[in-house]
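Below is one structure, written out as structure tokens, with a few remarks after it.
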Amino acid sequence: MTAPEPFGVGVIGAGTISKQYLRNLTRFPDVAVLICADLDVTRARAQAAANGVAAAGSPDDALGHPGVQLIVNLTTPAAHAAVTGAAIAAGKHVWSEKPLTLDVAAGRALLAAADAAGVRVGCAPDTVLGAGLQTARRLIDSGAIGTPLTALTLLQGPGPQSWHPDPEFLFAPGAGPLFDLGPYYLSVLATLFGPARRVAAIGRRPGESRVIGSGPRAGTEFGVAVPTYVAALADYVGGQAASLLFSWDSPLPRAGFVEITGTEATLAVPDPNRFDGDPRVRRADDTDWTVIPARGAAAGRGTGVVDMVRAIRAGARHRASAELALHVVEMMTAIERSAASAAFEPVETRFAAPAPLDAQWDPYVAAN
Ligand SMILES: NC(=O)c1ccc[n+]([C@@H]2O[C@H](COP(=O)([O-])OP(=O)(O)OC[C@H]3O[C@@H](n4cnc5c(N)ncnc54)[C@H](O)[C@@H]3O)[C@@H](O)[C@H]2O)c1
């Protein structure tokens, strides 16, 4: 059997993260990037040229491109809903960077529009499809830690204003450590535990402004609109509980900490913001961790686009689904509300658990 023609992809948003996506998407044989677009067309042209993409232009040029079947939305969070909505209206499937939307109503509207138009929406993070997290999932499924009971996650550091050249959006609604990095941690727990039913949280915003630390605008001061310290509790439908910390108010950087405690052992999950890393298991009487070598693909951002394209062609569910992403948006908005109300807030959206990936799955080998 010969492989089908590559699926036509248009990228909208040619900023910092587009470099990783374009490097990978131009090497995965199931997809072909046909156009790179941005409000800033100069940026789009530069990324197209750097990655051998034939065309560059405005978002409308990408939406109107006859070969484009799927839009990869890499714009900043405040633009996600509008760009994804426009792509759906143009009859295109969409892969969106996280968060799916800034609020639940906008997310529900996108899902309904996609359903009506007969197109799919998938959403980052696709790190949950990487070798590290998928190996952790297989370990839990095989009973390696007994029954999973609780999770502990930790993300702390001084914040991204030091390295991102345009960090303002990271301190605006739709970001902060909760909305920017929360999706990695919450998506891992959603994959391992299923949906949550309620959350509680404390939030803090000790500083009103920050200063850009790198790039052409270094030294520029900008405002902080969202909590930069969020400590949350999550109560899952399956009975599991989680304690989560997201902070950009710590001089001490510590990230990628996710531990799942079960009745028989504790599992240290690799960094949820990475595709690789080996899980570690420690049973009650162990004096040290046992490292379990990760098996599977660790090809990087864009992996979820390939899974989505293969699922569309096979008539199967894609794994990094908009339903799971909407649940994560609801958890984050409920966490933010709880930080203001000091009460537990309910979480009502649900999703179908994504099927595990086979250890042999490889985005670099074209699917038949
Ligand atoms: N930077 C990272 O390390 C990183 C990592 C993972 C995910 N992400 C996610 O990727 C997304 C983009 O982040 P970034 O760091 O690349 O931001 P960025 O500011 O560097 O780039 C965003 C680009 O989107 C363009 N844009 C904004 N609104 C638009 C619109 N309506 N139509 C077309 N183009 C528009 C901007 O002109 C800009 O070029 C965010 O959702 C972020 O959470 C970023």
Side-chain angles (χ1 to χ4, degrees), residues 10-25 35-48 50-51 56-65 71-87 89-90 92 94-102 106-107 122-128 130 155 157 159-187 212 214-217 220 222 226 246 248 255-256 271-275 300-305 320 325 328-329 332:
V11 170
I12 300 184
T16 306
I17 204 59
S18 71
K19 294 168 193 163
Q20 285 183 33
Y21 270 93
L22 285 164
R23 189 188 59 220
N24 296 334
L25 291 175
I35 180 166
C36 195
D38 199 293
L39 287 178
D40 179 344
V41 177
T42 313
R43 270 192 183 187
R45 284 203 196 100
Q47 287 311 321
N51 292 283
S58 68
D60 281 344
D61 292 333
L63 298 179
H65 191 298
I71 292 289
V72 173
N73 177 1
L74 306 181
T75 61
T76 36
H80 285 176
V83 171
T84 296
K92 315 288 188 189
V94 187
W95 171 267
S96 172
E97 248 309 324
K98 45 79 189 163
L100 178 68
T101 51
L102 301 193
C123 189
D126 49 1
T127 41
V128 285
L155 169 282
Q161 70 283 350
S162 56
W163 62 267
H164 199 293
D166 300 304
E168 285 94 332
F169 81 86
L170 292 165
F171 295 85
L178 174 63
F179 277 73
D180 185 49
L181 295 166
Y184 296 104
Y185 296 80
L186 295 170
S187 299
I212 300 178
S214 69
R217 299 168 58 237
T220 308
F222 63 95
V226 291
F246 304 104
W248 283 344
D271 187 341
N273 196 0
R274 295 185 60 92
F275 288 79
R301 298 185 203 278
T303 293
V305 177
V328 167
V329 167
M332 296 190 296

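Just so you know, ligand 1 is whichever comes first in the structure, and atom 1 is the first atom listed for that ligand. Values below: every heavy atom of this structure, side chains too, minus hydrogens, waters and symmetry copies.
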Fill in: For His65, all residues meeting side-chain contact (heavy atoms from CB on, under 4.5 Å), sequence neighbours excluded
Leu34, Ile35, Val68
Discussion item. So, regarding Arg301 and ligand 1 (criterion: nitrogen or oxygen to nitrogen or oxygen, under 3.5 Å), is there a contact or not?
Written reply: no
Worksheet entry | Heteroatom distance test (Thr16, ligand 1): nitrogen or oxygen, under 3.5 angstrom | yes
Worksheet, complete the sentence: Any heavy atom of His80 under 4.0 Å from ligand 1? The part involved is side chain
For [X] versus [Y], what's the shortest heavy-atom pair and its separation?
| X | Y | result |
| --- | --- | --- |
| Pro183 | Met332 | CD-SD, 3.7 Å |
| Ala62 | Ala37 | CB-CB, 3.8 Å |
| Gln47 | Ser18 | CG-OG, 3.6 Å |
| Cys36 | Ala44 | O-CB, 3.4 Å |
| Leu102 | Phe179 | O-CE2, 4.0 Å |
| Leu74 | Gly13 | CB-O, 3.5 Å |

What is the closest protein heavy atom to [atom], and at what distance does it sit?
| atom | value |
| --- | --- |
| atom 8 (N) of ligand 1 | Glu97 OE1, 3.8 Å |
| atom 32 (N) of ligand 1 | Leu39 CG, 3.5 Å |
| atom 13 (O) of ligand 1 | Phe169 CZ, 3.7 Å |
| atom 36 (C) of ligand 1 | Asp38 OD1, 3.4 Å |
| atom 35 (C) of ligand 1 | Thr75 CG2, 3.5 Å |
| atom 12 (C) of ligand 1 | Leu74 O, 3.4 Å |
| atom 27 (C) of ligand 1 | Thr76 OG1, 3.6 Å |
| atom 2 (C) of ligand 1 | Ile17 CD1, 3.7 Å |

Practice prompt. List the steps, then state whether side chain to side chain contact (heavy atoms under 4.5 Å, CB included) holds for Gln161 with Leu170.
Written response: CA-CA 8 Å; Gln161 70 283 350; Leu170 292 165; over 6 Å; no
Response to the item:
Between Ile12 and the options Asp60, Val72, Ile71, the side-chain contact (heavy atoms from CB on, under 4.5 Å) test singles out Ile71
Work out whether the distance between some heavy atom of [X] and some atom of ligand 1 is less than 4.0 Å.
| X | value |
| --- | --- |
| Tyr21 | no |
| Asp166 | no |
| Tyr184 | yes |

Discussion item. For atom 33 (C) of ligand 1, tell me which residue out of Ala86, Pro160, Pro59, Pro165 has the closest non-hydrogen atom.
Written reply: Pro59
Worksheet entry | Heavy-atom nearest option to atom 43 (O) of ligand 1, drawn from Lys98, His164, Gln20, Lys19 | Lys98
With atoms numbered from 1 as shown, which atoms in ligand 1 lie under 4.0 angstrom from a non-hydrogen atom of [X]?
| X | answer |
| --- | --- |
| Trp163 | 3 (O) |
| Asp180 | 43 (O) |
| Ile12 | 33 (C) |
| Gly13 | 24 (O) |
| Ala79 | 28 (N), 31 (N) |

Discussion item. Tell me whether the rings of Phe171 and Trp248 are parallel (<30°), tilted (30 to 60°) or perpendicular (>60°).
Written reply: tilted
Worksheet item: Rounded to the nearest 0.5 Å, how far does SG of Cys123 lie from NE2 of His80?
Response: 8.0 Å
Worksheet item: Atom NZ of Lys92 and atom CG of Leu63: how far apart are they, to the nearest 0.5 Å?
Response: 7.5 Å
Worksheet item: Going by distance alone, is a donor N or O of one side chain under 3.5 Å from an acceptor N or O of the other, for Thr84 and Asn73?
Response: yes
